[in-house]
Trainee: 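First, the structure itself, so that you have it in front of you.
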Amino acid sequence: MALGTTAFRWCAVALAGATLALTACPRPRAAPRGDGTTVTVDGEPPPFPDGFDPGQPLPEPPPGDPAAVGAAYLAMVYPALRDAWGAFLEDCRLRLPPDHALNQPSLEATAELSVDADGQLVAVTLLRASGNADFDATVQEIAGGAGPFPAPPADVRSDDGRVYLTWLFARDRRQAGVATAALRRIEWPLPRAVPALLDAGELAEAARRLARASAGAAGAEQAEIAALTARVLVAALREALAAEAPEIQRVAIDGVIAAAAAGAGEALRPLARELRAIGDGAVELPLRGAALAALGAIGDRDAAPLLLAILDKDQGHNVELSGAAARALVALGQGDEVATRLRGWLASGERARLGGALWALARAAVPGLEAEVGKLVTHKDVAIRAAACAALGARLTAGGDATAWKALRKGLDDRDAQVRAACAAGAADAAAAGVKSRPAYWRLVELLRDKDERVRAGAARAALLLEPVKVTQELTPLNKEKSAAVLAALAAGLGARPGAVEPRLLKLAGHGDVGVRAAAVR
């Protein structure tokens with residue numbers, strides 16, 4: 001049977017006054033011909049009752065708002081609803097009198113279409129009825145038979161994986177156009193949504209939700225957001241630690257260390273397995289060392305056996321490994337174990353092991369070795385003496401006693417500029433940590449006239465940090481200083497002084513050397 005004839009029969013029953021059971025009727029297929037005359041799919045003008053003027057067909061519905069939420073997906077769904085609904089309205093116009101109930105322009109009904117992640121239509125719910133049972137039944141029939149739709153993109157899906165489309169079906173020009181449709185996203189509460197998003201790999205969306213929710217949050221809600229933010233941070237860092245590129249892994253490790261320094265160490269302990277794998281197996285030594293340092297920063301006590309094994313195997317040959325392992329062990333409360341091993345290296349007298357122990361101490365500040373290290377400030381090897389100064393400075397930074405200061409002052413008198421410079425830098429680091437020494441200060445002031453610019457640079461920074469308020473006339477030797485390295489150190493020291501900005505610092509900010517300007521600006 002031709003579809004056009006079937007549609008005619010359906011309308012003939014309506015015209016006879018029988019109940020119009022639209023849900024049992026096939027969808028009409030009338031469409032306008034090129035000359036404006038409506039035809040059926042058979043290509044012939046459809047038969048319709050005489051005695052009334054059907055009027056003009058409806059114009060195209062208004063376009064949708066391209067900036068609306070989910071506008072692109074609404075446009076993808078629209079064709080599946082447009083043709084069937086348009087054919088229904090056209091058939092009612094042609095076959096039913098203008099005053100028929102189904103031709104009332106005020107008729108409209110709203111349905112919600114639930115679509116899953118594959119585009120399958122899951123459910124159709126009539127949200128607002130028109131008041132005409134036949135009109136509403138047709139809405140449900142056309143909407144229910146329109147799927148499947150294109151698979152919705154992730155950014156329009158709700159947290160349950162579905163898309164909810166609110167669609168208006170109207171008898172007037174609006175028809176079933178995109179302009180009156182809307183996409184609704186359902187978001188779960190954060191404690192449910194964030195873990196689900198993380199499981200799905202949607203880190204960016206989880207972060208956006210938390211950022212949005214944090215505005216105005218307080219009390220228990222803020223604490224909840226902070227805990228969930230830590231989970232997102234861990235997930236993001238874990239993803240980066242698993243990257244193949246070492247530079248990405250290094251950025252992630254630096255992020256772990258920075259976050260741990262800000263107090264998030266305990267929350268980052270779930271990353272211990274990834275950090276251990278990098279620290280024990282990466283090819284690049286600096287990357288391994290950074291991972292070992294991160295284990296100490298997050299407080300991974302279970303990593304202690306691995307760290308001790310690395311320290312025993314490396315024996316100070318690779319400062320990145322020995323120093324990082326020693327530092328991590330100290331942070332984990334294993335300073336005595338480290339001290340025992342380093343004391344043995346120092347007692348061996350072997351140059352390589354001495355240097356390894358000293359540079360490890362410069363990074364780890366192991367307690368209890370001040371006397372042994374102090375003796376090495378007078379060692380015959382210049383590199384050993386310089387390394388001893390660096391180790392003493394690190395120990396003072398961590399709260400060392402007068403023994404370390406006495407040895408460091410001895411290094412300031414060394415005949416070799418490399419040693420004097422290392423001791424001045426160690427004194428500056430100690431002063432930056434708040435450890436003071438008046439005798440060291442006066443010796444450093446004398447070194448402002450040293451012939452070596454490295455020594456003068458270290459002495460300038462150290463003197464200003466040791467006595468930030470009192471030092472005034474003592475800086476006179478620097479008034480005619482030309483070395484960029486010394487002036488940059490001077491800027492760093494001046495910047496640490498309390499009170500108003502020094503005029504000299506402002507002057508250095510306009511210096512011709514970019515390094516000096518950068519130090520002054522910092």
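Bear in mind the structure is a predicted one, so any value in this text is a computation, not a measurement.
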Trainee: Identify every side-chain donor-acceptor pair in residues 216-228 under 3.5 Å, counting partners at least two apart or on other chains, and give the distances.
Mentor:
none

Trainee: Do the non-hydrogen side-chain atoms of Arg395 and Glu370 ever get within less than 4.5 Å of each other?
Mentor: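 The answer is yes; the side chains approach within 4.5 Å.
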Trainee: Can you name the residues that form a side chain to side chain contact (heavy atoms under 4.5 Å, CB included) with Ile248, not counting sequence neighbours?
Mentor: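 Testing Ile248 for side chain to side chain contact (heavy atoms under 4.5 Å, CB included), a comparison that skips the adjacent residues, returns Ala240, Ala243, Ala245.
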Trainee: Using modelled atom types only, decide if a donor and an acceptor are shared between the side chain of Asp450 and the backbone of Arg456 within a distance under 3.5 Å.
Mentor: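 Side chain of Asp450 to backbone of Arg456: no pair is present.
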Trainee: Roughly how far apart are Leu392 CG and Asp429 CG, rounded to 0.5 Å?
Mentor: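 The CG atom of Leu392 sits 12.0 Å away from the CG atom of Asp429.
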Trainee: For Ala462, is there any backbone N or O sitting under 3.5 Å from a side-chain donor or acceptor partner on Tyr441?
Mentor: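 It does not hold such a pair.
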Trainee: Would a distance-only check, ignoring hydrogens and angles, find a side-chain to backbone donor-acceptor pair under 3.5 Å from Ser348 to Glu350?
Mentor: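 At least one qualifying donor-acceptor pair exists.
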Trainee: Quick one: disulfide bond (SG atoms under 2.5 Å apart) pairs with a partner in residues 312-389, sequence neighbours left out?
Mentor: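 As it turns out, the disulfide bond (SG atoms under 2.5 Å apart) pairs with a partner in residues 312-389, which skip direct neighbours, are Cys389-Cys423.
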Trainee: Any idea which heavy atoms bring Ala488 and Gly515 closest together, and the distance?
Mentor: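 Minimum heavy-atom separation between Ala488 and Gly515: CB-O, 4.2 Å.
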Trainee: Return yes if some donor-acceptor pair links the side-chain N/O of Arg517 with the main-chain N/O of Gly512 below 3.5 Å, else return no.
Mentor: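 Side chain of Arg517 to backbone of Gly512: a pair is present.
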Trainee: Decide yes or no for Ile278 and Arg288: does some side-chain heavy atom of the first lie under 4.5 Å from some side-chain heavy atom of the second?
Mentor: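 No, their side chains stay 4.5 Å or more apart.
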Trainee: Answer yes or no: is there a side-chain heavy-atom contact under 4.5 Å between Val163 and Tyr73?
Mentor: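 Counting from C-beta outward, Val163 and Tyr73 do come under 4.5 Å.
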Trainee: Please examine the side chains of Asp159 and Ile186, heavy atoms only from C-beta on, and report whether any two atoms are closer than 4.5 Å.
Mentor: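 They are not in contact (no side-chain heavy atoms under 4.5 Å apart), so the answer is no.
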Trainee: So with a 6.0 Å cut-off around CZ of Arg231, is the heavy-atom count from everything else above 12?
Mentor: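 No.
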Trainee: Side chains of Trp167 and Thr180, heavy atoms from C-beta outward: is any pair under 4.5 Å?
Mentor: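 Not in contact.
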Trainee: Give the intermediate values and the outcome of side chain to side chain contact (heavy atoms under 4.5 Å, CB included) for residues Leu198 and Glu205.
Mentor: CA-CA 9 Å; Leu198 294 181; Glu205 178 61 20; over 6 Å; no
Trainee: Does Phe149 form a side chain to side chain contact (heavy atoms under 4.5 Å, CB included) with Leu121? I'd like the steps, not just the answer.
Mentor: CA-CA 7 Å; Phe149 303 115; Leu121 184 63; 3.9 Å; yes
Trainee: Can you find a pair of side-chain heavy atoms, one from Lys410 and one from Thr378, that are under 4.5 Å apart?
Mentor: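 A side-chain contact exists here, since the closest heavy-atom pair is under 4.5 Å.
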Trainee: If you round to the nearest 0.5 Å, how far is CG of Leu444 from CD of Glu467?
Mentor: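 Rounded to the nearest 0.5 Å, the CD-CG separation comes out at 11.0 Å.
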Trainee: Once rounded to the nearest 0.5 Å, what's the spacing between atom CG of Leu332 and atom CG of Leu308?
Mentor: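 CG of Leu308 is found 9.5 Å from CG of Leu332.
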Trainee: Should we count NZ of Lys436 as having more than 12 external heavy atoms under 6.0 Å?
Mentor: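 Count over threshold, so yes.
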Trainee: Are Leu358 and Leu346 packed together at the side-chain level, in the sense that at least one heavy-atom pair is separated by less than 4.5 angstrom?
Mentor: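 Touching, per the 4.5 Å side-chain cut-off.
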Trainee: For a quick test of reading the model, state the closest non-hydrogen atom pair linking Pro367 to Ala339 and the distance between them.
Mentor: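 So the two residues come closest at O-CB, 4.1 Å.
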Trainee: When you look at Val455 and Leu448, which way does the side chain to side chain contact (heavy atoms under 4.5 Å, CB included) test go after all the steps?
Mentor: CA-CA 8 Å; Val455 178; Leu448 294 177; over 6 Å; no
Trainee: Could you give all pairs that pass the side-chain hydrogen bond (donor to acceptor under 3.5 Å, both in side chains) test and reach residues 330-342, with sequence neighbours left out?
Mentor: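 Listed once each, the pairs are Asp312-Arg341, Glu337-Arg341.
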Trainee: Assess whether side chain to side chain contact (heavy atoms under 4.5 Å, CB included) is satisfied between Arg157 and Arg162, documenting all intermediate values.
Mentor: CA-CA 5 Å; Arg157 295 200 296 263; Arg162 296 183 179 181; over 6 Å; no
Trainee: Rounded to the nearest 0.5 Å, what separation is found between the CG atom of Asp300 and the CG atom of Leu306?
Mentor: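 The CG atom of Leu306 is 9.0 Å from CG of Asp300, to the nearest 0.5 Å.
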Trainee: If every non-hydrogen atom of Val435 is compared with every non-hydrogen atom of Leu396, which pair is closest and at what distance?
Mentor: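 Val435 and Leu396 have their closest heavy atoms at CG2-O, 3.1 Å.
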Trainee: What's the shortest heavy-atom distance between Ala430 and Gly393, and which atoms?
Mentor: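 In this case the closest contact between Ala430 and Gly393 is CB-O, 4.3 Å.
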Trainee: What pair of heavy atoms forms the shortest contact from Leu505 to Ala491, and how long is it?
Mentor: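 Heavy atoms of Leu505 and Ala491 come nearest at CD1-O, 3.6 Å.
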Trainee: Rounded to the nearest 0.5 Å, what separates atom CZ in Arg353 from atom CG in Leu342?
Mentor: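 If we round to the nearest 0.5 Å, Arg353:CZ and Leu342:CG are 10.0 Å apart.
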Trainee: Between Ser322 (side chain only) and Val319 (backbone N and O only), is there a donor and an acceptor less than 3.5 Å apart?
Mentor: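 A pair under 3.5 Å: no.
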Trainee: Can you tell if the side chain of Asp513 reaches within under 4.5 Å of the side chain of Leu487, non-hydrogen atoms only?
Mentor: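 Asp513 vs Leu487: side chains apart.
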Trainee: For the backbone of Leu241 and the side chain of Gln249, can you confirm whether one donor and one acceptor N or O come within less than 3.5 Å of each other?
Mentor: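 Yes, because the side chain of Gln249 sits within donor-acceptor range (under 3.5 Å) of the backbone of Leu241.
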Trainee: Can you tell me if CD on Glu187 sees more than 12 non-hydrogen neighbours from other groups inside 6.0 Å?
Mentor: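 Yes, enclosed.
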Trainee: Rounded to the nearest 0.5 Å, what separation is found between the CD1 atom of Ile253 and the CG atom of Leu287?
Mentor: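 That separation rounds to 4.5 Å.
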Trainee: Return the minimal non-hydrogen interatomic distance between Ala71 and Asp65, and the atom names on each side.
Mentor: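 Scanning both residues completely, I find the closest heavy atoms to be CB-O, 3.5 Å.
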Trainee: Against Leu447, only a single residue in Asp452, Asp413, Leu412 fulfils side-chain contact (heavy atoms from CB on, under 4.5 Å); can you say which?
Mentor: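 Checked Asp452, Asp413, Leu412 against Leu447; only one passes side-chain contact (heavy atoms from CB on, under 4.5 Å): Leu412.
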Trainee: Using only atom types and a distance under 3.5 Å, with no angle test, would you say the side chain of Asp118 pairs donor to acceptor with the backbone of Gln120?
Mentor: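 Not at all, since once roles are kept as given, no pair shorter than 3.5 Å links the two residues.
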Trainee: Distance-only, no hydrogens or angles: does the Arg363 side chain make a donor-acceptor pair with backbone N or O of Ala324 under 3.5 Å?
Mentor: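 No; judged by distance alone, with no hydrogens or angles, the pair does not exist.
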Trainee: Hey, is the main chain of Ala440 close enough, under 3.5 Å, to the side chain of Ser437 for a donor-acceptor pair?
Mentor: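 Confirmed, Ser437 side chain pairs with Ala440 backbone.
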Trainee: Pairs of donor and acceptor atoms involving the side chains of residues 263-273, under 3.5 Å and at least two apart or interchain, shall be tabulated with distances.
Mentor:
unit_1	atom_1	unit_2	atom_2	d
Arg269	NE	Ile298	O	2.7

Trainee: Checking Arg327 now: which residues fulfil side-chain hydrogen bond (donor to acceptor under 3.5 Å, both in side chains) with it, not counting sequence neighbours?
Mentor: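 side-chain hydrogen bond (donor to acceptor under 3.5 Å, both in side chains) check on Arg327 returns nothing, list empty.
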Trainee: Just by distance, do the side chain of Arg385 and the backbone of His379 share a donor-acceptor pair under 3.5 Å?
Mentor: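 Here the side-chain-to-backbone pair exists.
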Trainee: Any chance you could lay out the salt bridge (charged side-chain N to carboxylate O under 4.0 Å, His left out) test for Asp254 and Arg250, step after step, and finish with the verdict?
Mentor: CA-CA 6 Å; Asp254 290 344; Arg250 181 57 190 263; 3.1 Å; yes
